[in-house]
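Each remark here refers to the structure printed beneath this line.
We name chains A, B, ... by the order of the sequence lines, and we start the count at 1 in each one. The analysis underlying the following values was restricted to heavy atoms, covering all of them including side chains, and did not include hydrogens, waters or symmetry mates.
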Amino acid sequence: MPELPEVETVVTGLNKLVVGKIIDHVDFDWPKSFPNSDEEIRSYLVGSEIVNVKRRAKVIIMELSSKYSLVAHLKMTGQFVFRGRTNWGAGHPNDSLVSKLPDKSTRVTFTFSDNSKLFFNDQRKFGWIRLLPTSEVANIDFIKKLGPEPLSSDFTHNEFRKQLQKRPNTNIKAALLDQSVIAGIGNIYADESLWGARIHPQSVVKSLTTAQTNKLHNEIVEVLKLSIEKGGSTDRNYVDAEGKKGSYLKFANVFRRENQECPRCGATIVKIRVAGRGTHVCPMCQRIKK
DNA sequence: CACTTGACCTGTCCGC
DNA sequence: TGCGGACAGGTCAAGT
């Protein structure tokens with residue numbers, strides 16, 4: 001599922017819904033989803049308050065009053081959905097993929113002291129939650145290696161070119177999906193930003209001109225901002241912390257639009273395979289550059 | 001080393 | 001309908 005805009009939307013929702021809640025207990029049936037020991041849970045989770053929720057790349061970090069944090073990755077199908085007194089039973093039936101919880105994809109359930117609940121659902125079981133000291137979050141290997149946040153002021157045209165030099169001989173799509181080059185982009189926003197910049201996903205990174213990477217930089221920022229504004233993309237599973245879908249895909253130009261007309265030139269959009277991923281491209285206005 | 005290809009899982013869709 | 005295979009928004013580990 002979720003790329004930067006979806007995770008950002010979930011984090012915004014969690015800040016509104018669960019900050020200030022005290023964790024009473026936690027239930028889980030798939031240990032890989034939440035592998036901490038009973039001892040750690042008893043000592044650092046139960047009885048602690050959620051004080052803040054933030055995002056780095058696609059990782060969600062919930063800081064607790066115990067000086068520990070719940071760190072989570074939604075991978076392809078993970079969801080955090082809150083249910084409490086104000087929204088029992090999903091207040092938006094036509095806009096939601098989940099009405100009754102827990103359901104068979106529920107892996108972890110946090111119950112708060114006021115009896116409201118936060119469900120971690122994950123159909124494919126790739127996602128995970130870890131409880132660890134807040135001071136160690138920055139030292140997680142994956143987080144240490146992450147490239148710049150595309151919506152931060154550090155992400156300049158020059159910085160983007162510098163980061164791309166880490167992967168000079170691969171294609172630009174693989175480079176965009178590499179979280180150590182740039183943090184938070186996944187399959188949808190890679191395709192959309194490459195279409196916006198008129199760059200073919202199979203173009204070799206070192207062949208791109210400065211004008212092209214500058215344009216791509218601008219497209220990445222615009223596409224991500226627009227998606228956050230639309231509450232992210234719901235392709236199949238994604239919902240926000242209230243269980244609602246995102247509407248960005250209505251505005252997408254190529255993603256999942258194979259066999260439709262390119263909105264820019266009218267040619268037929270094709271779906272190919274690049275970097276092992278389904279990739280949507282307009283063969284007319286996105287040219288391969290070797 | 002740099003880069004590409006499976007594996008991790010469940011569910012759905014499509015062709016025979 | 002049934003069944004096999006491909007595919008799905010991400011990241012690792014193991015290959016070349």
In whole Å, what is the span from the [atom1] atom of [X] to the [atom2] atom of [N]?
X	N	atom1	atom2	result
Asn259(A)	dC14(B)	CG	P	13 Å
Tyr238(A)	dA8(C)	OH	P	21 Å
Lys32(A)	dA7(B)	NZ	C1'	10 Å
Lys145(A)	dC12(C)	NZ	C1'	9 Å
Asn237(A)	dT12(B)	CG	P	9 Å
Leu74(A)	dA8(C)	CG	P	20 Å
Leu249(A)	dG9(C)	CG	P	11 Å
Arg167(A)	dC1(B)	CZ	P	14 Å

For [X], report the nucleic acid contact type (base, sugar-phosphate, nothing); a contact means any heavy atom under 4.0 Å.
X	value
Tyr189(A)	nothing
Ser105(A)	nothing
Asp235(A)	base
Gly278(A)	sugar-phosphate
Arg273(A)	sugar-phosphate
Gly276(A)	nothing

Checking contacts here: which listed nucleotide ([options]) is nearest the side-chain heavy atoms of [X]?
X	options	answer
His73(A)	dT11(C), dC8(B), dA8(C)	dT11(C)
Ile188(A)	dC3(B), dC7(C), dG9(C)	dG9(C)
Lys75(A)	dC3(B), dG9(C), dT11(C)	dT11(C)

Look at [X] and [N] and indicate whether a side-chain polar atom (N or O) is within less than 4.0 Å of OP1 or OP2.
X	N	answer
Gln123(A)	dC9(B)	no
Lys104(A)	dG11(B)	yes
Thr170(A)	dA2(B)	no
Asn169(A)	dA2(B)	no
Arg277(A)	dG10(C)	yes
Arg107(A)	dC9(B)	no
Lys58(A)	dG9(C)	no
Lys125(A)	dG10(C)	no

Which value, in whole Å, describes the distance between the [atom1] atoms of nucleotides [N] and [M]?
N	M	atom1	value
dC12(C)	dG11(B)	P	24 Å
dC3(B)	dG9(C)	C1'	23 Å
dC3(C)	dC8(B)	C1'	24 Å
dA6(C)	dG6(B)	C1'	15 Å
dG5(C)	dA7(B)	P	15 Å

**Asked** Is a donor on one side and an acceptor on the other found under 3.5 Å between the side chain of Ser227(A) and the backbone of Val223(A)?
**Response**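 It does not hold such a pair.
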**Prompt:** Do Gln179(A) side-chain atoms and Leu177(A) backbone N/O form a donor-acceptor pair below 3.5 Å?
**Reply:**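 Between the backbone of Leu177(A) and the side chain of Gln179(A) there is a qualifying donor-acceptor contact (under 3.5 Å).
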**Asked** Of Arg256(A) and Trp128(A), whose nearest nucleotide on DNA chain C comes first from the 5' end?
**Response**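 Taking each residue's closest nucleotide, the earlier one in sequence belongs to Arg256(A).
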**Message:** Under 4.5 Å between side-chain heavy atoms, counting indirect links through other Ile/Leu/Val/Met/Phe/Trp/Tyr residues: same cluster for Phe110(A) and Tyr68(A) or not?
**Reply:**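 As far as the 4.5 Å side-chain criterion goes, Tyr68(A) and Phe110(A) are connected within one cluster.
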**Request:** Return yes if a side-chain donor-acceptor contact under 3.5 Å exists between Thr213(A) and Arg161(A), otherwise no.
**Result:**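 There is such a pair (donor and acceptor under 3.5 Å, judged by atom type) between the side chains of Thr213(A) and Arg161(A).
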**Message:** Could you check whether Thr156(A) and Asn158(A), counting side-chain N and O atoms only, form a donor-acceptor pair closer than 3.5 Å?
**Reply:**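 Their side chains do not contain a donor-acceptor pair, so the 3.5 Å distance test is not met.
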**Asked** If we call it a pair only when both distances are under 3.5 Å in a Watson-Crick or G-U wobble match, what pairs with dA14(C)?
**Response**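 Here dA14(C) is engaged in a pair, and the nucleotide opposite it is dT4(B).
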**Asked** Now, which nucleotide makes the Watson-Crick or G-U wobble pair with dG4(C), with each of the two distances under 3.5 Å?
**Response**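 Pair assignment: dG4(C) / dC14(B).
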**Message:** Using 0.5 Å steps for rounding, measure from the CD1 atom of Ile50(A) to the NZ atom of Lys21(A).
**Reply:**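 So the CD1 of Ile50(A) and the NZ of Lys21(A) are separated by 9.5 Å.
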**Message:** Closer than 4.0 angstrom, basic N to acidic O: yes or no for Lys225(A) and Glu229(A)?
**Reply:**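 The answer is no: the pair does not qualify as a salt bridge.
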**Message:** Would you say the base of dG10(C) stacks on Phe126(A) (centre-to-centre below 5.5 Å, plane angle below 30°)?
**Reply:**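 So yes, this residue stacks on that base, both cut-offs being met.
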**Request:** Would you please classify the geometry between the Phe34(A) ring and the Phe28(A) ring as parallel, tilted or perpendicular, with 30° and 60° separating the classes?
**Result:**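 Phe28(A) and Phe34(A): perpendicular rings.
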**Message:** On DNA chain B, does the nearest nucleotide to Asn171(A) precede the nearest nucleotide to Arg236(A) from the 5' side, or the other way round? Give the residue.
**Reply:**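 It is Asn171(A), whose closest nucleotide lies nearer the 5' terminus.
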